[in-house]
> 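The following block contains the structure, expressed as structure tokens.
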There are 2 protein chains.
Amino acid sequence: MASKKISMAVIKRLPRYHRFLDYLLELGIKRVSSKELSTRMGITASQIRQDLNCFGGFGQQGYGYNVESLFSEIGNILGINKTFYAIIIGAGNMGRALANYGNFDKRGFNIIGVFDVNPEVIGKKINNMEVMSLNNLDEFILQNKVDIAVLCIPYKETASIADRVAKLGVKGLWNFSPMDLKIPYDVVVENVHLSDSLMVLGYKMNDRFER
Amino acid sequence: MASKKISMAVIKRLPRYHRFLDYLLELGIKRVSSKELSTRMGITASQIRQDLNCFGGFGQQGYGYNVESLFSEIGNILGINKTFYAIIIGAGNMGRALANYGNFDKRGFNIIGVFDVNPEVIGKKINNMEVMSLNNLDEFILQNKVDIAVLCIPYKETASIADRVAKLGVKGLWNFSPMDLKIPYDVVVENVHLSDSLMVLGYKMNDRFER
DNA sequence: TAGATTGTTAATCGATTAACAATC
DNA sequence: TAGATTGTTAATCGATTAACAATC
């Protein structure tokens with residue numbers, strides 16, 4: 001598995017398929033054709049078939065795709081059945097929101113710790129987890145299996161913390177800071193640049209409505 | 001302005017340029033060449049010049065780009081100098097985090113109201129704003145200039161609320177629900193699908209480390 | 001002026017779409 | 001079997017990269 005290189009464009013569509021299939025499942029729909037997915041999702045049928053065939057022939061000629069099995073196949077590709085252990089670094093607005101958000105568990109992402117520097121926050125409970133001091137970060141990572149660090153820290157701290165956890169063996173960074181991370185270690189980074197997204201929205205609005 | 005169609009690929013890189021130029025400004029750097037930007041940002045010099053020339057010749061042959069003026073030009077393109085008025089719908093984890101996050105103001109996004117359905121939340125203050133009842137949403141939008149609605153509501157409510165505010169004249173939706181919005185009105189949508197992003201991170205990790 | 005670097009055109013690369021033979 | 005729809009190859013489209021003349 002994961003042998004031939006698959007483009008990010010394809011990967012990024014997978015969660016959308018997954019979500020839509022989940023919805024079809026809820027509606028009790030058993031089978032679906034690429035053509036039907038196409039009209040409902042606004043993606044060409046051709047692209048859907050191309051995307052799915054990157055990973056194997058999930059369909060059946062003359063029939064289409066079985067919703068349930070396609071859903072679980074895509075889930076497998078995305079690794080939903082595997083468990084990742086994550087810590088949140090930074091218990092500010094975003095860190096707290098993510099710590100409280102329960103739905104990541106469902107997708108196999110377990111939050112096992114929250115860290116901050118602020119003495120007023122350390123020791124307080126967020127979603128039944130006591131916020132730990134950043135001083136104990138290294139120790140914690142060495143003593144627990146930590147796959148992912150969720151970075152919810154200010155711009156200036158991001159690079160050094162990223163570096164620090166990468167050195168300790170954390171393999172994935174989910175980065176909410178506006179910093180573009182460049183890390184010399186073997187770490188996977190996924191950025192969520194909220195303000196970039198907001199600026200793109202602003203652009204689109206100006207462009208469309210010629211304010 | 002905004003005459004020839006510019007691809008989304010280009011637009012999405014603009015906030016990154018903007019951020020990096022801001023950083024150079026802080027360092028007190030006055031001029032920069034596409035080549036230097038290239039090595040520092042990990043984008044080809046060719047692409048940088050192509051991107052910038054979509055909007056006009058901001059550079060000078062033999063010299064490069066003036067950091068300050070390029071920064072402000074990109075800011076203008078992104079509409080940072082214009083003010084948008086936004087409301088947050090849904091005062092759950094994400095809604096609260098966004099309401100408390102002060103940095104959007106800096107980019108011209110003013111949050112002027114927060115709404116929720118939960119009686120326990122209505123009336124409470126978030127970042128000096130009293131949470132209003134969703135019952136008063138229509139009235140509020142009609143009586144105030146609301147450019148953007150930030151949707152932080154559960155999956156099931158999203159479509160109907162999006163429809164409702166669009167009908168009332170809201171022109172932009174910043175959507176944090178996993179719902180893929182299809183709206184029959186003239187509205188611009190920017191989605192932030194956090195769990196999609198997390199799933200992509202999971203995929204990358206499985207792929208890279210062959211768990 | 002000579003050197004540097006842009007703006008812009010042309011070439012390449014990759015992603016999307018179309019077409020159709022394979023097959024359920 | 002006939003109809004439907006996939007899997008897959010080929011054609012098209014768009015985005016990225018390379019090249020270079022224009023010019024500061």
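What you see below is based on every heavy atom in this structure, not just the backbone, and it leaves out hydrogens, waters and symmetry mates. Lettering of chains follows the sequences in order, A, B, ..., and the numbering in each one begins at 1.
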> What nucleotide among D:dT17, C:dT8, C:dT5 has an atom nearest to a side-chain atom of B:Asn53?
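When the side chain of B:Asn53 is considered, C:dT8 is the closest of D:dT17, C:dT8, C:dT5.
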
> Is there a donor N/O on one and an acceptor N/O on the other, under 3.5 Å, for the side chain of B:Gln50 and the base of D:dT16?
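Not at all, since no donor on one side and acceptor on the other fall under 3.5 Å apart.
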
> Taking the minimum atom-to-atom distance to the side chain of A:Ser33, which one of C:dT16, D:dT16, D:dT6 wins?
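Of the options given, the side chain of A:Ser33 lies nearest D:dT6.
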
> How long is the line joining OH of B:Tyr63 and C1' of C:dG7, in whole Å?
17 Å

> Consider the side chain of B:Gln60, meaning its heavy atoms from C-beta on, and name the nucleotide among D:dT6, D:dC24, C:dT6 that approaches it most closely.
D:dC24

> Could you tell me how far apart A:Phe55 (CZ) and D:dT8 (P) are, to the nearest whole angstrom?
14 Å

> Any side-chain N or O of A:Tyr65 less than 4.0 Å from the OP1 or OP2 oxygen of C:dC24?
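Answer is no, no contact under 4.0 Å.
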
> When you measure from the side chain of B:Ser7, which nucleotide among D:dT6, C:dG7, D:dA15 comes out closest?
D:dA15

> Could you check B:Asp51 against A:Gly62 and say which one's nearest nucleotide on DNA chain D is further toward the 5' end?
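The residue closer to the strand's 5' end, by nearest nucleotide, is A:Gly62.
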
> Compare side-chain N and O positions of B:Arg13 against OP1 and OP2 of D:dT16 and report whether any pair is under 4.0 Å apart.
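Yes, such a contact exists.
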
> Tell me: CG of A:Leu52 to P of D:dG7, nearest whole Å?
8 Å

> Partner of D:dC20 by Watson-Crick or G-U wobble geometry, both contacts under 3.5 Å, or none?
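WC or wobble partner is C:dG7.
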
> Can you tell which of B:Phe84, B:Phe104, B:Phe109 makes a ring pair (Phe, Tyr, Trp, His ring centres under 6.0 Å) with B:Trp174?
B:Phe104

> Whole Å only: how far is the CG atom of B:Leu37 from the C1' atom of D:dT17?
17 Å

> Using whole Å, what does the distance between atom P of nucleotide C:dG7 and atom CD1 of B:Ile48 come to?
12 Å

> When the distance from CZ of B:Phe58 to C1' of C:dT8 is rounded to whole Å, what number comes out?
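In whole Å, C:dT8 C1' lies 16 Å from B:Phe58 CZ.
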
> Whole-Å distance between D:dC20 P and B:Gln61 CD?
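After rounding, the reported distance stands at 17 Å.
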
> Less than 4.0 Å between a side-chain N and a carboxylate O, is that true for B:Asp196 and A:Lys12?
no

> In whole Å, I'd like the distance from the CD1 atom of A:Ile6 to the C1' atom of C:dA15.
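The answer, rounded to whole Å, is 14 Å.
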
> Give A:Ser46 one of three labels, base, sugar-phosphate or nothing, depending on what nucleic acid heavy atoms sit under 4.0 Å from its own.
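Here A:Ser46 touches the bases of the nucleic acid.
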
> Between B:Asn93 and A:Arg96, is there a side-chain heavy-atom distance shorter than 4.5 Å?
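The answer is no; the side chains never approach within 4.5 Å.
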
> Validate the cation-pi geometry between B:Arg31 and B:Tyr63: distance from NZ or CZ to the six-membered ring centre under 6.0 Å, angle to the ring axis within 45°.
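Judged by the rule (NZ or CZ under 6.0 Å from the ring centre, within 45° of its axis), B:Arg31 counts as positioned above B:Tyr63.
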
> Please confirm whether the shortest side-chain N or O distance from A:Arg49 to OP1 or OP2 of C:dT16 is below 4.0 Å.
no

> Partner lookup for D:dT12, please. Criteria are Watson-Crick or G-U wobble with both distances under 3.5 angstrom; report none if nothing qualifies.
C:dA15

> I'd like to check A:Ile43 versus A:Arg16 (side-chain heavy atoms, cut-off strictly below 4.5 Å). Are they in contact?
yes

